[in-house]
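Read the numbers this way: they start at 1 and go in the same order the structure lists the ligands and their atoms.
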Amino acid sequence: MKPYRGRFAPSPTGPLHFGSLVAAVASYCEARVHGGTWLVRMEDLDVARAQPGAADAILRTLERLGFAWEGEVMVQSRRTAAYAGALARLQALGRVFPCACSRKEVADSSLNFDGERVYPGTCRNGIAPGRAARALRLRVDHDEVGFDDGVQGPVRHELARVSGDFVLRRADGLFAYQLAVVVDDAAQGITEVVRGADLLGSTSRQMLLQRLLGFATPGYAHVPVALNDAGEKLSKQTLAKAVSPGRDADQLVHALQFLGQPAPDGLRQGTPADIWTWALAHWNLADVPRRKGGQAPAGFL
Ligand code: GLU
């Protein structure tokens, strides 16, 4: 068996909040209890959404909370050559086609289980005359992917129903998340991906890309995401509160409890070091609730 290598891959669209802390804690505990390595990657590919200073702020918060990562932080915005290389390999396989559709034009196509649009295949046999190519898509045939998720259990996805032909390079010229994450997980030698269940539907696209690019497929575990009262995932858009100094222990204990770990409330009076000692002695992935979301504690919205 390969030595365990896990990762945390935040998008620096704002400071670390309770939702991202939950993903960090889960991936960190899993890596550490397996005697593995934990890496951090900044997913700042979408330069328009990245917020100046957010990447540094996230790293400083992780440090303050006592997370220890190995090596340099990988930064997606510096890796376009690697993504271009992978795209060229997929093109050589004949699986890539240009697409002229605007977002509006696919706006009435069917929705998958996560409410994402399934591409109806409009341009897969060629672009209509007079139209210009905007994005590049991967052709999805009768591709099926199955895996045993470490938290959610057995998953089987028919890609034609989950995404249809999906974007590899966007209309604005940026490489798509699905391609970048696969190239980066392979480059970082990641053996286990532990992340939020909002990305469960992306996993089949990523596994298909791994197959086509000849990369090993990591194991996956999708933990519940933290939701606000309206059932929305905490994010910059929901104005999620930043993880704040002075509440470090409280936040870590709540994150462990959110993940189904019976961390004693008394630990909130301790230091992050005390909490990690408890967490690494008691962490059990099997205790993480098998659901896609859960209510975040009131003080952390
Ligand atoms: N950057 C993504 C996010 O913050 C996570 C990607 C991943 O873990 O694969 O939602």
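Atom OG1 of Thr80 is separated from atom CG of Leu87 by 12.0 Å, given to the nearest 0.5 angstrom.
Screening Arg41, Arg7, Arg78 against Asp184 for a salt bridge (Lys or Arg N to Asp or Glu O under 4.0 Å) leaves a single residue, Arg41.
Remark: Arg170 is not positioned above the aromatic ring of Phe175, lacking an NZ or CZ atom under 6.0 angstrom from the ring centre and at most 45 degrees off the axis.
Short contacts between ligand 1 and Arg195, defined as distances under 4.0 Å to a heavy atom of the residue, involve ligand atoms 7 (C), 8 (O), 9 (O). Close contacts between ligand 1 and Val181 involve ligand atoms 9 (O) [criterion: under 4.0 Å to a heavy atom].
Inclusion of Arg41 in the set of residues having an N or O under 3.5 Å from an N or O of ligand 1 is not warranted. Residue Ala9 places at least one N or O, backbone or side chain, under 3.5 Å from an N or O of ligand 1.
In terms of protein heavy-atom proximity, atom 3 (C) of ligand 1 is nearest to Ser11 OG, 3.6 Å. In this structure, atom 1 (N) of ligand 1 lies nearest to the protein heavy atom Glu43 OE1, 2.6 Å.
With a 4.5 Å cut-off on side-chain heavy atoms, Phe258 and Val253 do not count as touching.
Contacts between Val193 and ligand 1, counted as non-hydrogen atom pairs separated by less than 4.0 Å, are absent for every part of the residue. Contacts between Tyr177 and ligand 1, counted as non-hydrogen atom pairs separated by less than 4.0 Å, involve the side chain only.
Shown here is Arg5, whose CZ atom has more than 12 heavy atoms of other residues, nucleotides or ligands within 6.0 Å.
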request  = Output, in order, the C-alpha distance, side-chain angles, deciding distance and verdict of side chain to side chain contact (heavy atoms under 4.5 Å, CB included) for Leu301 and Phe18.
outcome  = CA-CA 8 Å; Leu301 301 174; Phe18 185 74; over 6 Å; no
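Heavy-atom distances between Arg7 and ligand 1 reach below 4.0 Å in at least one pair.
Contact check on Glu158 versus Arg161 returns a salt bridge, with a Lys/Arg side-chain nitrogen under 4.0 Å from an Asp/Glu carboxylate oxygen.
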